[in-house]
Protein chains: 2
Amino acid sequence: MSVIYNRVALIGLGLIAGSMAHAMRRAGLAGEIVGTARSAETRKVAAEIGLCDRIVETAAEAVEGADLVVLAVPVGAMEAVTEEIAPHLAPGATITDVGSVKRDVIAAIAPHLPEGVHFVPGHPLAGTEHSGPRSGFAELFDNRYVLLTPDPGTDAEAVAKLRAFWEGCGANVEEMDADHHDLVLAVTSHTPHLIAYTMVGVADDLRRVTDSEVIKYSAAGFRDFTRIAASDPTMWRDVFLSNKDATLEILGRFTEELFALQRAIRTGDGDHLHAYFTRTRAIRRGIIEAGQDTDAPDFGRTHAKPRKAEEAEG
Amino acid sequence: MSVIYNRVALIGLGLIAGSMAHAMRRAGLAGEIVGTARSAETRKVAAEIGLCDRIVETAAEAVEGADLVVLAVPVGAMEAVTEEIAPHLAPGATITDVGSVKRDVIAAIAPHLPEGVHFVPGHPLAGTEHSGPRSGFAELFDNRYVLLTPDPGTDAEAVAKLRAFWEGCGANVEEMDADHHDLVLAVTSHTPHLIAYTMVGVADDLRRVTDSEVIKYSAAGFRDFTRIAASDPTMWRDVFLSNKDATLEILGRFTEELFALQRAIRTGDGDHLHAYFTRTRAIRRGIIEAGQDTDAPDFGRTHAKPRKAEEAEG
Ligand SMILES: NC(=O)c1ccc[n+]([C@@H]2O[C@H](COP(=O)([O-])OP(=O)(O)OC[C@H]3O[C@@H](n4cnc5c(N)ncnc54)[C@H](OP(=O)(O)O)[C@@H]3O)[C@@H](O)[C@H]2O)c1
Ligand SMILES: NC(=O)c1ccc[n+]([C@@H]2O[C@H](COP(=O)([O-])OP(=O)(O)OC[C@H]3O[C@@H](n4cnc5c(N)ncnc54)[C@H](OP(=O)(O)O)[C@@H]3O)[C@@H](O)[C@H]2O)c1
């Protein structure tokens, strides 16, 4: 793979930007990677582990002379960052973001950009529950989808270049309309996260009653929810506040279906339950066949050892 | 480890009974393992893979001379199986079950048992989304909890022996009251499963609109739900019908919390959302420290390759 951008500026150095840095290096996609983050602490860690070729103190400085600028901060911080960097963007540069919501983020970024800069909004559908400058890894995007939602009038070459860049990072790239993106993601990501947070919150209330039972006996299904509900609170607050309409729409459908199942339980309608639970199996098969998850039982996870025991050994 | 029961009879040969057979052999806990299942097909597969020492055609035959009888069929089938085997149980034998619900299962089994047989209800908190005679493995119970819910009047020696047996299978054993079990499991397992089924059902409806997008773009959180919602429909129908009260109670709390979060999204109350999402993180840490899950990002799962590509290679 050869160099696609001579200088890439990463604004924000968390899970996504960090993984992009690793993936770019793996494939040699960038002449130079310049990075910056809000806090001195994150910049220090990033410098220590050599995450970028150069770490600078401000976003304004980071974008100087960059031909690709990546905004990798929480959705709610996009506007302020854009305002800071706009006067410093190089003419002809491409600016993209990795925000989990598109319509609101576009509305926050686009109005501040100068003429002659190409804005190609994006969203890599890949993540883990971890965050921060140490959490990234080169394989995060391998065989995952990146959705680009450019305005139809956007420079075709700029879009093609960003597509090649993400493909170089291991991803499959698709383009779609921003509103459609927000609806699909409300289904595949935002509503599931809200539900997981809610269920874990309910258990947390009950935990006060039953001591640590909820934790000890979590293996029967609940612990999967806790992984999702361990994601970054700021990121997710921003996602729900900015993808309000689509999330509320899907939540409405969800509660409707939940009430129907609840009613089937109450009335003892086993046929309804059985039919519903049979239908949902097919989706899992589809996901495995599409290469989007492992078929290994329980995600192939190995049984964790109690930390106590490890400490005793070490 | 030495032999604890001279003859163990497994009624039902699915994930749980199969894993018990493997675990018993690993530790040499049984003199002989006799197994049976409802269908000729399952018995044939079990015989082919040597799951038990002996496979017999009927449950009545299987329990002859057994000093431990394990009922490992769906919760709704426990009563009929008990009626079939009751006249054939050896005096002094212990009978246990592995059903995911305890109060209803006890009510289905206990009245049919003859005098002189020790009934110790149980529930291993371990499972995967797979089922059938080929799905079991010896490590399933390692470091997992098994909950026993014997009546206070039960023979202490019989309980102690079953406890030693499960510990020999790798598990941690605890005793509790059946009603309390059903409430705790409604939180850690039954309600999460219902919610996952519901969310996947909503997505399935939407998939008809958006083609296969829900599958392609599942990696952002949704696919974890699909694993849970791929579990056996019969097992789960039975669980909800028999743990009706506790499930409905926890569902009530869940919808209450969900509506509060929904309202916070609608009114733009970011502080409420942020506080809620911060609180739920602590539970995840507790689970990892208790050795009940891995700390590896995304459960340490490896990225699946598309099946198409594998087929092309093969
Ligand atoms: N995590 C996922 O699963 C995932 C997946 C796809 C897309 N995304 C999107 O990717 C973006 C980044 O997420 P991430 O997971 O990489 O987050 P992360 O690991 O938490 O990193 C966030 C970065 O943004 C900086 N930041 C936070 N608040 C800021 C503010 N108000 N102003 C300026 N900088 C700020 C942080 O700086 P400090 O470290 O100095 O605080 C940090 O470097 C978000 O828009 C998110 O929606 C996330
Ligand atoms: N899977 C879990 O995660 C999990 C965890 C803890 C406890 N449990 C409990 O363990 C029990 C067994 O679950 P499993 O996962 O091992 O199920 P499984 O893999 O589906 O196996 C169920 C077994 O029960 C037999 N069976 C089904 N319906 C029957 C009926 N009406 N009469 C007689 N036999 C019948 C099946 O026979 P055929 O193969 O011939 O159809 C099969 O051998 C259930 O009570 C469940 O609640 C399950």
Side-chain angles (χ1 to χ4, degrees), chain A residues 125 128 130 142-144 184 187-189 192-193 197-198 200-203 206 213 215 217-226 229-230 233 236-237 240-241 253-254 257-258 262 265 270 273-274 277-278 280-281 283-284 286-287 289-294 297-299 301 303-307, chain B residues 125 128 130 142-144 184 187-189 192-193 197-198 200-204 206 213 215 217-226 229-230 233 236-237 240 244 253-254 257-258 265 270 273-274 277-278 280-281 283-284 286-287 289-294 297-299 301 303-307:
Chain A
L125 306 190
T128 75
H130 295 186
D142 286 351
N143 197 32
R144 291 285 164 262
V184 171
V187 179
T188 56
S189 177
H193 271 80
Y197 275 120
T198 307
V200 176
V202 169
L206 209 86
E213 287 178 331
I215 284 178
Y217 308 143
S218 64
F222 177 68
R223 62 182 172 155
D224 288 16
F225 282 58
T226 66
W236 284 99
R237 176 200 63 196
F240 295 120
L241 294 180
R253 292 198 193 208
F254 171 81
E257 295 273 357
L258 186 65
Q262 192 167 328
I265 294 176
L273 296 174
H274 195 276
F277 300 164
T278 303
T280 52
R281 279 194 135 172
I283 283 212
R284 179 77 188 160
I287 287 173
E289 276 161 25
Q292 294 304 310
D293 207 351
T294 169
D298 217 5
F299 305 124
R301 69 181 143 202
H303 286 187
K305 292 222 185 67
R307 195 157 286 184
Chain B
L125 305 190
T128 76
H130 295 184
D142 287 350
N143 196 32
R144 291 284 165 261
V184 171
V187 179
T188 56
S189 177
H193 271 81
Y197 275 121
T198 307
V200 177
V202 169
D204 187 46
L206 209 85
E213 288 178 329
I215 285 180
Y217 308 142
S218 64
F222 177 67
R223 62 181 174 157
D224 289 15
F225 281 58
T226 66
W236 283 98
R237 176 199 62 197
F240 294 119
K244 187 188 287 206
R253 292 198 194 208
F254 171 82
E257 295 273 357
L258 186 65
I265 293 175
L273 296 174
H274 195 277
F277 301 164
T278 304
T280 52
R281 280 194 135 171
I283 284 211
R284 179 76 190 162
I287 288 174
E289 274 160 25
Q292 294 303 311
D293 207 350
T294 169
D298 215 7
F299 305 123
R301 69 181 144 202
H303 286 186
K305 291 224 185 66
R307 194 158 285 185

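Computed from a prediction, not measured in an experiment: that's the story for all the values here. Order of the sequence lines sets the chain letters (A, B, ...), proteins ahead of strands, with each chain counted from 1.
Residues B/Phe299 and A/Asp224 form a side-chain contact, since some pair of their non-hydrogen atoms from C-beta on lies under 4.5 Å apart.
Put simply, of B/Leu125, B/Val187, B/Thr278, the one with the most heavy-atom pairs under 4.5 Å next to chain A is B/Val187. When each of A/Ile265, A/Leu241, A/Thr128 is checked for heavy-atom pairs under 4.5 Å with chain B, A/Ile265 comes out on top. In terms of heavy-atom pairs under 4.5 Å with chain A, the best-connected choice from B/Tyr197, B/Phe225, B/Trp236, B/Phe222 is B/Tyr197. Each of A/Val200, A/Thr198, A/Leu273 has some count of heavy-atom pairs under 4.5 Å with chain B, and the biggest count is that of A/Thr198.
In this structure, the portion of A/His193 lying under 4.5 Å from any heavy atom of chain B is its side chain and not its backbone. Looking at B/Phe240, both its backbone and its side chain come within 4.5 Å of chain A, counting heavy atoms on both sides. Of the atoms belonging to A/Tyr217, heavy atoms from both backbone and side chain fall under 4.5 Å from chain B.
Not a single donor-acceptor pair under 3.5 Å links the side chain of A/Arg223 to the backbone N or O of B/Ile287.
Of all heavy-atom pairs spanning B/Gln292 and A/Ile215, the tightest one is CG-O, 4.0 Å. Listed here is the closest heavy atom pair of B/Arg237 and A/Gly270: CD-O, 3.3 Å.
Separating the CG atom in A/Asp298 from the NE2 atom in B/His130 is a distance of 9.0 Å, to the nearest 0.5 Å. To the nearest 0.5 Å, the span separating CD1 on A/Ile283 from CG on B/Asp204 amounts to 4.5 Å.
Residues passing the ring-ring contact (aromatic ring centres under 6.0 Å, His included) test with B/Phe254, sequence neighbours excluded: none. B/Arg284 meets the salt bridge (Lys or Arg N to Asp or Glu O under 4.0 Å) test with B/Asp293; sequence neighbours excluded.
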